Amino acid sequence: MSVLSRPQFHDEAKAFEFLESVIWADGVVCPHCGIVDGRVYDLSGVRGKPSKKNPEGAIRHGLKKCGECRKQFTVKVGTVFEHARIPLHKMLQAVHLMTSSKKGISAHQLHRTLEIAYNSAWFLSHRIREAMRTGALDVMGGEGEAVEVDETFIGRKKGTEVRRGTSHKMAVLSLVQRGGSVRSFTINGTSAAEIGPIVNANVARETFLLSDEARQYQTIGKGYHAHLYVNHGSGEYVDGPVHTNTIEGFFSIFKRGMKGVYQHCSEKHLHRYLAEFDFRYNNRASQGVDDGMRSLSALKGITGKRLQYS
């Protein structure tokens with residue numbers, strides 16, 4: 001049976017039941033007063049106020065009422081899906097499509113597949129990217145571990161003209177732990193003063209730091225157990241275990257997605273696109289994560305986040 005033939009992707013009531021099982025796995029939480037597993041009245045199926053378009057009133061799926069604060073809510077309140085007018089079952093489809101597409105899926109494709117307005121598809125995709133953002137605070141690497149660091153350039157900064165070099169492009173810094181996760185950041189420049197604090201805040205000092213021959217890494221690498229590098233300028237790319245092929249592989253997927261699928265990204269939203277590619281890499285098949293598990297992980301990240309269209 002196809003994954004997209006599951007009930008939660010086609011039936012609104014089932015969609016709410018499914019999301020409730022994910023978000024409220026430890027009991028229903030009132031988003032207004034914070035009571036967990038308190039008195040909750042199920043008002044699912046109750047019709048809303050009549051309107052010109054719907055004289056009988058729309059059926060309210062997943063509607064609850066807290067017995068403590070007496071306020072109504074659904075599982076979408078307090079999440080990136082709050083106030084979304086798109087049917088929940090279509091939003092769940094979008095989550096599955098975005099998490100299972102290795103190089104992403106464009107808003108135009110979501111617009112056509114889900115049969116929703118383009119601007120709604122565009123905003124929905126950003127809601128989902130926000131859910132993918134983890135904001136991890138733990139350090140990478142450690143004793144005996146290797147972390148690769150490198151930067152890449154993409155697109156064009158707002159208000160700049162295309163010219164030689166990379167000064168007109170948006171800069172991205174990524175850290176990849178071999179056999180583990182990736183963490184990417186938008187940066188204003190590639191100096192040691194710009195990159196150093198990011199690397200130091202995210203990589204344990206006992207780590208083997210691996211990079212290319214760029215001068216800034218010579219300075220940054222002094223604070224680590226060992227700094228090993230390859231000289232790309234001299235045609236050296238691999239010296240036994242010393243290489244940056246892991247991070248280059250991540251960049252290749254990122255750039256193919258950004259250029260081939262999304263085609264354009266503004267500086268304002270770049271960090272969310274990075275979160276999307278980081279998320280899929282960190283929840284990849286080689287780590288034992290399949291499409292269903294990846295989709296479930298993204299849904300667990302929707303709580304406590306809001307995104308305004310403006």
Side-chain angles (χ1 to χ4, degrees), residues 1 3-99 114 116 120-121 123-137 275 279 283 289 291-309:
M1 183 177 71
V3 172
L4 288 176
S5 65
R6 293 174 181 172
Q8 65 265 28
F9 294 129
H10 303 279
D11 183 278
E12 193 70 357
K14 294 293 183 183
F16 272 94
E17 289 178 13
F18 175 76
L19 191 59
E20 288 170 5
S21 70
V22 174
I23 304 302
W24 292 335
D26 298 322
V28 179
V29 180
C30 174
H32 302 295
C33 64
I35 297 295
V36 180
D37 253 358
R39 289 183 299 131
V40 177
Y41 305 104
D42 190 354
L43 304 179
S44 299
V46 174
R47 291 188 179 275
K49 294 181 179 180
S51 64
K52 290 183 179 179
K53 291 184 178 180
N54 194 339
E56 295 183 358
I59 295 177
R60 301 287 299 276
H61 295 287
L63 186 63
K64 313 287 184 188
K65 184 175 182 178
C66 178
E68 305 296 329
C69 67
R70 313 301 293 175
K71 293 182 179 179
Q72 296 182 356
F73 61 93
T74 71
V75 70
K76 295 196 301 181
V77 176
T79 74
V80 294
F81 291 157
E82 186 171 351
H83 290 312
R85 304 303 182 212
I86 305 168
L88 181 59
H89 70 273
K90 290 193 175 187
M91 292 196 288
L92 295 184
Q93 286 185 49
V95 172
H96 177 78
L97 290 169
M98 286 188 67
T99 55
L114 302 180
I116 58 178
S120 297
F123 188 33
L124 175 58
S125 64
H126 277 296
R127 289 179 190 258
I128 296 169
R129 289 185 189 102
E130 188 67 17
M132 292 176 177
R133 286 211 303 152
T134 60
L137 299 176
F279 175 86
N283 293 275
V289 182
D291 290 346
M293 295 164 65
R294 197 177 304 113
S295 177
L296 197 63
S297 180
L299 284 174
K300 290 179 179 178
I302 68 173
T303 57
K305 301 173 182 177
R306 284 295 308 277
L307 201 60
Q308 302 293 331
Y309 185 79

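Below, each value reflects all heavy atoms present in this structure, side chains not excepted, and no hydrogens, waters or symmetry copies. Because the structure is predicted, anything quoted here is derived from the model rather than measured.
Side-chain atoms of Thr74 and Phe81, non-hydrogen and from C-beta on, never get closer than 4.5 Å to each other. Taking 4.5 Å as the limit, every side-chain heavy atom of Val36 sits out of range of all side-chain heavy atoms of Asp26. The closest side-chain heavy-atom distance from Leu63 to Gln72 is below 4.5 Å.
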Would Met91 and Leu124 satisfy side-chain contact (heavy atoms from CB on, under 4.5 Å), going step by step from the backbone distance to the final call?
CA-CA 7 Å; Met91 292 196 288; Leu124 175 58; 3.8 Å; yes
As a quick check of understanding, evaluate side-chain contact (heavy atoms from CB on, under 4.5 Å) for His61 and Leu88, giving each step before the final call.
CA-CA 10 Å; His61 295 287; Leu88 181 59; over 6 Å; no
Test log, rule side-chain contact (heavy atoms from CB on, under 4.5 Å), inputs Ile35 and Val40:
CA-CA 10 Å; Ile35 297 295; Val40 177; over 6 Å; no
Intermediate values then yes/no, side-chain contact (heavy atoms from CB on, under 4.5 Å), Lys14 and Arg6:
CA-CA 9 Å; Lys14 294 293 183 183; Arg6 293 174 181 172; over 6 Å; no
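The CG atom of Asp11 sits 13.5 Å away from atom CZ of Phe18, with the distance rounded to the nearest 0.5 Å. Annotation: the span from Lys305 atom NZ to Met132 atom CE amounts to 10.5 Å, rounded to 0.5 Å. In this structure, the separation between NE2 on His89 and NE2 on His10 is 8.0 Å, given to the nearest 0.5 Å. A distance of 13.0 Å separates CZ in Arg127 from CE in Met98, rounded to the nearest 0.5 Å. The line from CZ of Arg70 to OH of Tyr41 is 5.0 Å long, rounded to the nearest 0.5 Å. Taking CZ of Arg133 as the reference point, atom CD1 of Ile128 lies at 15.0 Å (rounded to 0.5 Å).
Nearest heavy atom pair, residue Ala275 against residue Arg129, reads CB-O, 4.2 Å. Smallest separation of non-hydrogen atoms from His32 and Phe73: NE2-CB, 3.8 Å. Scanning both residues, Phe279 and Ala298, for their nearest heavy atoms gives CZ-N, 3.6 Å. The heavy-atom pair separating Pro31 from Val77 by the smallest distance is CG-CG1, 3.6 Å.
A side-chain donor-acceptor contact under 3.5 Å links Lys90 to the backbone of Leu114. Side-chain atoms of Ser295 do not come within 3.5 Å of backbone N or O of Gly292 as any donor-acceptor pair. Remark: the backbone N or O of Gly78 is paired with a side-chain donor or acceptor of Glu82 at under 3.5 angstrom. Checked by atom type and distance alone, the side chain of His96 never pairs as donor or acceptor with a backbone atom of Arg294 at under 3.5 Å.
Taking Ser44 as the reference, Asp42 meet the side-chain hydrogen bond (donor to acceptor under 3.5 Å, both in side chains) condition, with sequence neighbours excluded. By the side chain to side chain contact (heavy atoms under 4.5 Å, CB included) test, Ile23 is found to be paired with Leu19, Val75, Ile302, Thr303, residues two or more places apart in sequence or in another chain being considered.
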